[in-house]
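Atoms within a ligand are numbered from 1 in the order they appear, just like the ligands themselves. Note that these values count all heavy atoms, side chains included, but never hydrogens, waters or copies made by symmetry.
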Amino acid sequence: MRLSCDVLVAGGGVAGISAAVRAAREGARTILAETNGFPGGTAVNCMHRYICGLYSSGPLPPEGTLNGGIADEICAKLKKLAPGTKPVKMGKVLLFPFTTGDLISVLRSLSEKQAELDLLYETEVVSVEVQNGRIRNVFARNNTGEIEISTRAVIDCSGYGAVIRLSGAAYDISSPEERQLAGFCFKIKGIKDPGEMAPVSVPYHISQAVAEKRIPSYLKYARFYKSDVDHEGYCLISIPPGNSPERIREAKKYAAAVHDILADSIDSFRNSRITEMSSVISEREGLRMKGEYTLTEKDVLSGRKFHDGVVKSAWPIELWDQKKGPSCRYLDDGAYYEIPLRCLKSRNIKNLYCAGRCISASPEALGSTRVMGTCISLGEQAGLAAAKDLDLL
Ligand SMILES: Cc1cc2nc3c(=O)[nH]c(=O)nc-3n(C[C@H](O)[C@H](O)[C@H](O)COP(=O)(O)OP(=O)(O)OC[C@H]3O[C@@H](n4cnc5c(N)ncnc54)[C@H](O)[C@@H]3O)c2cc1C
């Protein structure tokens with residue numbers, strides 16, 4: 001099959017849906033290709049519960065989201081599905097609660113009836129053709145066979161930088177030992193009464209098992225979140241990055257081991273059971289495109305502004321070091337930094353943009369930019385830029 005478009009978006013996580021919707025709203029004929037059969041990417045695969053990075057920090061509740069636009073639309077639609085939802089404070093930050101089912105519905109309603117936008121689910125981008133420093137054709141595969149898509153611009157929202165890698169665009173990647181810990185989530189039902197103490201007692205009992213060398217040390221960073229549904233909760237375990245069938249089997253084995261420890265040591269978990277597990281290991285850090293500018297740790301912590309700043313963020317630098325575990329470094333109260341458009345433009349492939357987890361940032365800066373709220377706005381700005389630049393490409 002042969003298709004043609006102005007803008008091809010690879011990946012339908014929160015960044016990809018926002019990029020595709022915005023490019024189409026600007027009148028660009030847009031195609032989105034997503035490997036999964038549903039939108040939402042990591043947020044859905046890893047059973048997230050809160051959108052981070054939407055708000056400024058500080059003692060006063062914010063009026064709205066930092067970036068407005070599609071981020072505001074998504075929050076409004078989530079609120080409509082779950083009336084009464086409002087941002088919750090956790091430590092120094094504000095989070096917007098959601099369920100993955102609602103997020104999928106909202107992303108579908110935002111994108112499915114959008115004029116100029118064709119959505120190709122269960123479709124993986126597998127190769128690209130580059131001529132004179134520009135991507136001309138993108139090749140994708142689904143159960144109908146190979147699809148050749150001729151396009152004027154590409155936005156890589158694959159999280160893993162699939163198009164960046166395939167096109168020969170410049171990129172950086174940390175060594176496997178230096179990369180941040182990845183995550184694997186599972187849902188537990190039948191918890192008698194998780195109580196207020198479960199988020200504390202779960203890590204405590206897991207740490208005990210680690211101290212007794214029954215499970216690997218990185219499992220001590222396990223987190224437990226109560227669900228809105230009675231007798232239900234989510235456990236997020238941390239494991240070294242890397243996805244392969246063997247690694248996923250290993251993650252499932254550790255999830256079962258962690259649950260066994262909880263069932264043995266905490267009364268309320270005694271008769272509980274795992275009812276759902278992530279299908280993949282969710283990576284916090286992967287390939288980062290080398291753009292026209294690379295955002296640094298200093299830019300983030302000093303609240304730097306840029307002449308081409310397009311997305312604002314106040315999220316802390318949240319790192320999940322393989323040896324030291326999680327840490328957060330916060331901006332001053334009320335401060336925010338900007339992400340320049342240059343971080344979304346490849347430095348050597350003229351019509352390649354990216355958004356979400358693979359933007360041009362140092363590993364430390366990525367520790368702040370990679371959260372969902374920021375990824376939504378990065379996607380929106382990449383979609384806008386790609387559509388506006390079409391005549392120049
Ligand atoms: C363990 C963990 C916990 C986190 N917790 C939170 C949290 O609580 N709140 C928060 O806000 N953020 C959290 N984050 C960060 C956040 O989930 C992600 O960084 C964000 O969702 C990334 O969105 P994205 O659209 O850039 O990428 P993704 O959500 O990763 O989407 C990329 C999409 O591209 C698709 N794709 C990949 N390759 C191809 C291809 N070749 N062709 C077509 N499609 C392709 C994938 O199937 C996927 O759907 C967490 C991350 C991790 C790893």
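Counted within 6.0 Å of NZ on Lys298, heavy atoms from surrounding residues, nucleotides or ligands total 12 or fewer; the atom is thus considered open.
When all heavy atoms of Glu177 and Gln322 are compared, the pair lying nearest together is O-NE2, 3.3 Å. Heavy-atom minimum distance, Ala251 versus Ile239: CB-CD1, 3.6 Å. For Glu285 against Glu178, the heavy-atom pair with the smallest separation is OE1-O, 4.3 Å. Closest of all the heavy-atom pairs between Gly161 and Ser158 is N-OG, 3.0 Å. Between Lys252 and Phe184 the shortest heavy-atom distance is CG-CZ, 3.7 Å.
Ion pairing of Glu250 with Lys253 is absent here, as no side-chain N (NZ or NE/NH1/NH2) approaches a carboxylate O to less than 4.0 Å. With respect to the salt-bridge test (charged N to carboxylate O, under 4.0 angstrom), the residues Arg22 and Glu26 qualify. In summary, Glu73 and Arg25 engage in a salt bridge, as defined by a charged side-chain N under 4.0 Å from a carboxylate O.
A cation-pi arrangement is absent between Lys345 and Tyr293 under the rule of less than 6.0 angstrom and at most 45 degrees off the ring axis.
Less than 4.0 angstrom separates some heavy atom of Gly183 from each of these atoms of ligand 1: 1 (C). Applying the 4.0 Å criterion to heavy atoms of Gly41 picks out, from ligand 1, the atoms 29 (O), 31 (O), 48 (C), 49 (O). Against a heavy-atom cut-off of under 4.0 Å, Asn36 is close to the following atoms of ligand 1: 47 (O), 49 (O). Of all atoms in ligand 1, listed by their number and element, those nearer than 4.0 Å to a heavy atom of Gly356 are 26 (O). For ligand 1, the atoms closer than 4.0 angstrom to any heavy atom of Ala162 are 41 (N). Remark: ligand 1 atoms within the under-4.0 Å shell around heavy atoms of Thr42 are 17 (O), 28 (P), 29 (O), 30 (O). Residue Arg357 approaches ligand 1 through these ligand atoms, each under 4.0 Å from one of its heavy atoms: 19 (O), 26 (O), 30 (O). Against a heavy-atom cut-off of under 4.0 Å, Ser282 is close to the following atoms of ligand 1: 53 (C).
Neither the backbone nor the side chain of Arg49 has a heavy atom within less than 4.0 Å of ligand 1. Residue-level proximity to ligand 1 for Thr123 is carried by the backbone, the only part with a heavy atom below 4.0 angstrom. Contacts between Cys157 and ligand 1 below 4.0 angstrom, taking non-hydrogen atoms only, involve the backbone exclusively.
In terms of protein heavy atoms, atom 44 (N) of ligand 1 is closest to Thr35 OG1, 3.0 Å. Of all protein heavy atoms, the one lying nearest to atom 23 (O) of ligand 1 is Val14 CG2, 3.8 Å. Regarding atom 12 (N) of ligand 1, its nearest protein heavy-atom neighbour is Met372 N, 3.5 Å. Nearest protein neighbour of atom 37 (C) of ligand 1, counting heavy atoms only, is Ser158 O, 3.4 Å. The nearest heavy-atom contact from the protein to atom 14 (N) of ligand 1 is His48 NE2, 3.2 Å. Annotation: atom 7 (C) of ligand 1 to nearest protein heavy atom, Tyr50 O, 3.6 Å. The protein atom (non-hydrogen) at minimum distance from atom 35 (C) of ligand 1 is Glu34 OE1, 3.2 Å. Considering only non-hydrogen protein atoms, atom 31 (O) of ligand 1 sits nearest to Gly13 CA, 3.5 Å.
Residue Cys52 places at least one N or O, backbone or side chain, under 3.5 Å from an N or O of ligand 1.
With Gly159, Ala10, Ala15 as candidates, the residue nearest to atom 25 (O) of ligand 1 on a non-hydrogen basis is Ala15. Remark: among candidates Met47, Arg370, Arg284, the nearest residue to atom 15 (C) of ligand 1 is Arg370, based on non-hydrogen atoms. The nearest non-hydrogen atom to atom 41 (N) of ligand 1, considering only Ile376, Val125, Val44, Leu54, comes from Val125.
Hydrophobic clustering of Ile, Leu, Val, Met, Phe, Trp and Tyr side chains at less than 4.5 Å, counting indirect connections, unites Phe98 with Ile104. Hydrophobic clustering, with ILVMFWY side chains joined whenever heavy atoms are under 4.5 angstrom apart, keeps Ile317 apart from Tyr336.
Under a 4.0 Å heavy-atom criterion, Gly53 is not in contact with ligand 1.
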(request) Give the intermediate values and the outcome of side chain to side chain donor-acceptor pair (under 3.5 Å) for residues Asp389 and Tyr353. (result) CA-CA 11 Å; Asp389 288 352; Tyr353 301 75; 2.6 Å; yes

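For the side chain to side chain contact (heavy atoms under 4.5 Å, CB included) criterion with Met372, the lone passing option out of Thr42, Leu103, Leu54 is Leu103.
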